[in-house]
Every structure is written in C-alpha cells, then in structure tokens.
Amino acid sequence: MPGCLVISGLQWGDEGKGKVTDLLSGDADLAVRFQGGANAGHTVVVAGRRVVLHLIPSGILNPSCRCLVGPAVVVDPETLVQEIASLRTLGVSVSPDRLLLSPRANLVLPWHRRLDQLREAHRTSGRIGTTGRGIGPAYEDLYGRTGVRLVDLKNPDRLAARITEMLPERNALIRHHGGDPLDRDEVLAPCLAAAEFLGPFIRPIEEELTRALDQGRRVLLETAQGTLLDVLHGTWPFVTSSLTLAPAAFPLLGIGIPASFGVLGVVKAYTTRVGEGPFPSEDHGPLGQALRDRGQEYGSTTGRPRRCGLLDLPSLRHAVRANGVTALAVTKMDVLSGLAPTIPVVRAWQLGGQTLDVLAPEAQDAPDLAPVHEEWPLWEGSLEGVRRWEDLPSGAATFLERLAAALAVPLVLVSTGPGRESTCLLADPWR
Ligand code: IMP
C-alpha cells in the first residue's frame, strides 16, 4: 500500500485539487508543497469563511497533519505572513510545530513582481497571461543562481548585502521595461519584517519527510498548477516556470523515489484555462459561457474569467502518461447536471491526415488540428450531496465509466459539489 500519494492536475490547473487535497489530508500525516508559489490558489471554506491558500498546503486545516514547504517552492514572504495571520484569525493553528519551510526555498521579492507585471504589460505579442505574482522572474533567479533564499532571512546582514548587490541590475531591467526603480528599503524592509515572523518556521524538511516515508506514514504531495502548465511538458511558452508533474516531486524535494507511491490524477468534467495560450477544445459560444457561469470559473488568485471548453481525451492521455497516473478523481460533475441532453467530448484529433489519440502539447496550436467529437449523454437532477455510486443518476455513472475507460485509469473519487460532503469515495486512494 503506498504511504505516499501525489495529487496532480491533468489539465491547465484549477481542476479542484484543493478540495481533493483538503479531503484526503484528513488521513495524512504530512502534506507537502513541492513547486510553484503564490500563483496557486486553493479556495477552502473554514467555519463558513472562505480562505484562499496560496503557499501553505491545504492539509493545514486538518489539525493532525503537519505541513512542509519544499525547496523548489518560490516563497513570497509577505503573502506567506498574511496567509498565516488570516488562518490564525479563523482559529487554525499554524505554529512552527506544524509548518516547516525549507531554508533552500528562493524568495519572491518586489522586483520579481514588478518585472513580471511590466513584461506582461509591454509584450506586444506572446503575452503569457501570468498571475503577476513574480513567479517567472523568481525562478530565473533560482536557475540563474542569483536569488535570495529563506535561509538568508536568518542573517539580516547577509540579506541586506545580497539585496544591495542585486538591486542595481534589477532596477536596470525595470527601467528597461519602463517601470519605476525600487529603492533598497522597499525590498529590504518587508523582508526584515517577515524574517522575524517566519524565522522559527525555517527548518530543513528532508529528514522528517524521509523518516515519514520510511515508517510508511501517509504523505500527501500536493502539486500546484496542472500538467499542461509544466515548463517542459506543457504548452510552452504559455506555461508556468516550474515542473508540475507528479514524479518531479521527489527530486524537487531532495528525497529518493519511494518503493511505492500512488499518483492521483485530478480531472475536471470539462476543461478550463486561465491566461493565454492554445486551448483547442475551447468553446467561445453559449456552452463555454454556461460552463463558466455554472462552474463559477473565475481565477481564485486573480479573479480573471477562465476560458472554458470541452473535455479533451487526447490531452488527458498525454497527462496520464506524463504523470504516471494510478488513480483518477473527477471533479465538478455537478456543473454538468441538466446542462443539455448531451455534451460533445473530444475523442481524438486529426492532424496532417492522421488521427491522434494522444495530443502532444506542441501540437495544441497546430492550425489544421480538427476535433473528432463524440456526444456523451448528460443527466437531470442535482448531484449535490451525492456520496454513493448507487445514488448517482445513471447518466452520470455512464459518463464517469466512459471517462475512466478512455484514460484506462481506475476511478476512485467523484466530486459532486463544492462541500466536503458532496464526494463519492469509491475506493481508498491510498491503496
Ligand atoms: P505564472 O505562473 O504566474 O507565471 O503564470 C503562467 C501561466 O500559468 C498563466 O497562464 C497563468 O494563468 C497560469 N497559472 C499559474 N498558476 C495557476 C494556477 O494555480 N491555476 C491555473 N493557472 C495558473
């Protein structure tokens, strides 16, 4: 039985991983974030109040779960402090006993955010539609070996020296993009303020993680974003700047590959994308609008309307293969209830006289790509609150069976509404 489960989104993010993680962390000893930054947004409801978690693993809401933030996460210290503070006002205990931040994680600094926003604003073509959270520039500094890390917050003199050394070059870039340069204190002061608060949380994570895995304890690894936003295996360059695939978790966390682990692939019952880039099954008509309205498809980090479209089986097969998915969770089934008698699903794509069952990311914007549709029947009646397979309308059960068969992965979880109670758990995802 795997003691380690990686939760991975199989589309362009926003598949509902937050709900699935929140639900499964009830059984987890550790919940771990291993990539991305505050571009992620997991909306959760605590005591009737909505909280958006950007950096802290959703497992924090379950008191017996400890949370780790790995070295390949880019941490915006101001956002993190605010997130801890808002969780505490809701009565959630967030102490250094429960939350560990890897000292090796790179910081997102004000110049990263400014550069991200300026570059996007001034791109005449090829805008990525980033979240503006400074993610790309922060990863450039990580791989350029010029960033500031969480460990530097523990040494104010070193921190000040690094920022002083880096600022002129960053300001030259900001000016190049037509922005106002930053002064040293605008960068340093928030870091120093956060340093005192975050200091006790900054501790190595590898030992605890390896011990938990060796002891067969339940470790949940949370992916942010989705497969098609992976910097290598997504629709580059319209991607985020990190590796988002499940197996990347192990090298990014600095631990060996466990003898056994599961990958739970999360799929929304239709497709959405926020930001620019190819989306061949996008629906610009009333169906896309209906999905956006019913599914409340607006970004939880930026509030932007999400682009909506059809389920794309060939793209999902790419994602299943890239992640090594072992089990499937399907979310937002309730959004399709009563939408229409049937819905088209992309079964295959035709390109250059060939029929493709698997769509590679680089073919996503081929001009002569043509869908091969299949009509899947929908169902009447609300799914909200449905917890057992037997209680699903037969149309919904058939839809799910067809999806699992098309992807050749066993279905273990179905989300039938936003609340925790609206979930059919069909099999133990940890097995
Ligand atoms: P960045 O990660 O802010 O650089 O944005 C790059 C692309 O990834 C843009 O299309 C964003 O909309 C998208 N993106 C980043 N994070 C998320 C997320 O958590 N959910 C969905 N899309 C995201």
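Just so you know, ligand 1 is whichever comes first in the structure, and atom 1 is the first atom listed for that ligand.
- Thr227 and Asn323 share a donor-acceptor pair across their side chains, judged by distance under 3.5 Å alone.
- Side-chain atoms of Thr423 never come within 3.5 Å of backbone atoms of Leu425 as a donor-acceptor pair (strictly under, hydrogens ignored).
- The aromatic rings of Phe279 and Trp12 lie tilted to each other, with the angle between the two planes from 30° to 60°.
- The minimum heavy-atom distance between Ile128 and Glu120, with the atom names listed, is N-OE2, 3.2 Å.
- A donor-acceptor contact under 3.5 angstrom links the side chains of Ser415 and Lys19, judged on distance only.
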Mind running salt bridge (Lys or Arg N to Asp or Glu O under 4.0 Å) on Glu374 and Arg402 for me, showing each step along the way? CA-CA 11 Å; Glu374 211 168 71; Arg402 285 178 90 155; 3.3 Å; yes
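- Within 4.0 Å of ligand 1, contacts by protein heavy atoms are made from Trp12, Asp14, Asn39, Ala40, Ile128, Gly129, Thr130, Thr131, Gln225, Leu229, Val239, Thr240, Val274, Gly275, Arg304.
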